[in-house]
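What follows is one structure encoded as C-alpha cells, with my remarks underneath.
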Amino acid sequence: QVQLVESGGGLVQPGRSLRLSCAASGSIFMINVMGWYRQTPGKQRELVAVITSGGSTNYADSVKGRFTISMGNAKNTVVLQMNSLKPEDTAVYYCNALVRPRISSEALDYWGQGTQVTVSL
C-alpha cells in the first residue's frame, strides 16, 4: 500500500511563510507526479502546484511568484514553500501523487489526509 503523510500546516500572520512537506511511502515503483491542492468549505478542491518526476512545475495563477514546489531531500517527498501568505490562502491543503505501485503496471492516484493552513491576524 502507498501512503502520503503531510506536515507543516498551521496558523500564520499575513505576509509570513509556511513550509509544507509530503512524504510518500510504501510499495512504490515510481512517482510520476506530486502536487498540492487546497479546499475551503463550500468550494471545490483546486490545484495549487504540481511537479513531475522530470522536474517540470505548474502553479495556479493565484500563487505564482509566492509559492514554490520542489522535491525534498528525502526520497519520494515534495515540499511546498509558501511565502507572502494571504488570508485567501487559508484552506485545507492536500498532497496528491500519481504513483505506480510495485504491484501494478498502472499509475494510481493517492491523497494525503490534508493539513490546515490558516492565514489570519
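Nothing fancy with the numbering, it's 1 onward along the sequence.
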Smallest separation among heavy atoms of [X] and [Y], with atom names:
| X | Y | answer |
| --- | --- | --- |
| A49 | Y59 | CB-CD2, 3.5 Å |
| Y110 | P101 | OH-CG, 3.6 Å |
| T40 | A91 | CG2-CB, 3.6 Å |
| V78 | C95 | CG1-SG, 4.1 Å |
| L20 | M82 | CG-CE, 3.6 Å |
| A97 | I31 | CB-CG2, 4.4 Å |

Treat each ILVMFWY residue as a node, draw an edge where side-chain heavy atoms are under 4.5 Å apart, and state whether [X] and [Y] are in one component.
| X | Y | result |
| --- | --- | --- |
| V117 | V50 | no |
| I51 | I28 | yes |
| V2 | L108 | yes |
| V92 | V119 | no |

Rounded to the nearest 0.5 Å, what separates atom [atom1] in [X] from atom [atom2] in [Y]?
| X | Y | atom1 | atom2 | answer |
| --- | --- | --- | --- | --- |
| M71 | M34 | CE | CE | 5.5 Å |
| Q81 | S17 | CD | OG | 5.5 Å |
| L11 | S120 | CG | OG | 6.5 Å |
| R100 | S105 | CZ | OG | 5.0 Å |
| R38 | L80 | CZ | CG | 9.5 Å |
| L4 | S25 | CG | OG | 8.0 Å |

Indicate yes or no for a side-chain donor-acceptor contact from Q13 to the backbone of L121 under 3.5 Å, with no hydrogens or angles considered.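 Side chain of Q13 to backbone of L121, a donor-acceptor pair under 3.5 Å: no, none is there.
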Under 3.5 Å donor-acceptor, E6 side chain and G114 backbone: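 Between the backbone of G114 and the side chain of E6 there is a qualifying donor-acceptor contact (under 3.5 Å).
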For the residue pair R45 and Y94, would you count it as a cation-pi contact if the rule is NZ or CZ under 6.0 angstrom from the ring centre and within 45 degrees of the ring axis?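 Yes, a cation-pi geometry.
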Is it true that [Y] and [X] share a donor-acceptor pair across their side chains at a distance under 3.5 Å?
| X | Y | answer |
| --- | --- | --- |
| T68 | R19 | no |
| N32 | S53 | no |
| T118 | Q116 | yes |

Within-4.5 Å side-chain heavy-atom neighbours: F29 and I103: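 No, side chains not in contact.
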K64 and D61: salt bridge (charged side-chain N to carboxylate O under 4.0 Å, His left out), yes or no, with the steps? CA-CA 5 Å; K64 285 181 179 177; D61 289 339; 3.1 Å; yes
Between L85 and L18, is the side-chain contact (heavy atoms from CB on, under 4.5 Å) condition met? List the steps. CA-CA 8 Å; L85 283 162; L18 211 55; 3.7 Å; yes
Between Y93 and V48, is a side-chain contact (heavy atoms from CB on, under 4.5 Å) present by the stated rule, with each step listed? CA-CA 9 Å; Y93 284 70; V48 177; 4.1 Å; yes
Are W111 and Y37, when compared by the centres of their aromatic rings, separated by less than 6.0 Å?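 Between W111 and Y37, the centre distance is under 6.0 Å.
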Checking side-chain contact (heavy atoms from CB on, under 4.5 Å) for the pair I69/W36: CA distance, chi angles, key distance, verdict? CA-CA 9 Å; I69 189 168; W36 291 90; 3.9 Å; yes
For E88, does the CD atom sit with more than 12 other heavy atoms under 6.0 Å from it, leaving out its own atoms?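 Yes, enclosed.
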Please say whether more than 12 non-hydrogen atoms of neighbouring residues, nucleotides or ligands are located less than 6.0 Å from CG in D109.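 Result for CG/D109: enclosed.
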